[in-house]
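Note sheet for the following structure.
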Amino acid sequence: GGEFTAGYCWDGKEIMGTTDVKTTVATDATGRRQTRAEISFVDEHLRRHEITAKVLDVCEVDLGKTNCNDGFAEFHMGERTGYGIVELGSQHP
């Protein structure tokens with residue numbers, strides 16, 4: 001799961017805090033390249049939101065002992081589609 005426990009969202013009318021944030025990132029067999037993600041959270045009106053992401057391509061960023069891969073992804077939330085980044089960090093052996 002992810003490291004986030006709270007955040008903010010915009011529903012088109014107001015900005016709200018979020019709680020119960022859950023993230024799952026799937027990887028390929030090596031565990032170093034992300035392939036998809038699932039994100040869910042609850043807004044201040046107690047509505048649960050579910051987002052899925054399909055990683056289209058990965059740009060591996062080598063930062064010495066750490067790899068921070070930027071996965072360019074297509075996100076879906078209900079009927080909406082958007083694009084962004086699913087990041088995945090790992091340590092080199």
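No hydrogens, no waters, no symmetry mates; every other heavy atom, side chains included, goes into these values.
Residues Ile39 and Met16 fall into different hydrophobic clusters, defined by Ile, Leu, Val, Met, Phe, Trp and Tyr side chains chained together at heavy-atom separations under 4.5 Å.
Between Phe72 and Ile85, some side-chain heavy-atom pair lies under the 4.5 Å cut-off. Contact of the Lys54 side chain with the Thr35 side chain is not registered, since no non-hydrogen atoms from C-beta on lie closer than 4.5 Å. Between Val42 and Thr18 there is no side-chain heavy-atom pair separated by less than 4.5 Å. By the 4.5 Å heavy-atom criterion applied to side chains, Leu56 and Glu74 are counted as neighbours.
The backbone N or O of Glu87 lies less than 3.5 Å from no partner atom in the side chain of Asn69, so there is not a single donor-acceptor pair. With Glu38 contributing its side chain and Thr52 its backbone, the two residues share no donor-acceptor pair below 3.5 Å.
Heavy-atom minimum distance, Glu50 versus Ser40: OE1-CB, 3.4 Å. When all heavy atoms are compared, the tightest approach of Phe75 to Tyr83 is CD1-C, 4.0 Å. Closest approach of Gly71 to Val55, counting heavy atoms only: CA-CG1, 3.9 Å. Gln34 and Val58 get closest at one heavy-atom pair: O-CG2, 3.8 Å. Nearest heavy-atom pair, Val86 versus Ala73, reported as atom, atom and distance to 0.1 Å: CG2-CB, 3.9 Å.
Checked against ring pair (Phe, Tyr, Trp, His ring centres under 6.0 Å), Phe41 has the following partners two or more places apart in sequence or in another chain: His49. Among residues two or more places apart in sequence or in another chain, the ring pair (Phe, Tyr, Trp, His ring centres under 6.0 Å) test is passed with His76 by none.
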Intermediate values then yes/no, side chain to side chain contact (heavy atoms under 4.5 Å, CB included), Asp11 and Arg47 = CA-CA 11 Å; Asp11 71 351; Arg47 297 175 294 198; 3.1 Å; yes
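Distance check: Ser90 OG to Asn67 CG gives 4.5 Å after rounding to the nearest 0.5 Å. The SG atom of Cys9 sits 5.0 Å away from atom CG of Asp43, with the distance rounded to the nearest 0.5 Å. Annotation: the span from Ile51 atom CD1 to Met77 atom CE amounts to 5.5 Å, rounded to 0.5 Å.
Enclosure of atom CZ in Arg80 is not indicated, since only 12 or fewer non-hydrogen atoms of other residues, nucleotides or ligands lie within 6.0 angstrom.
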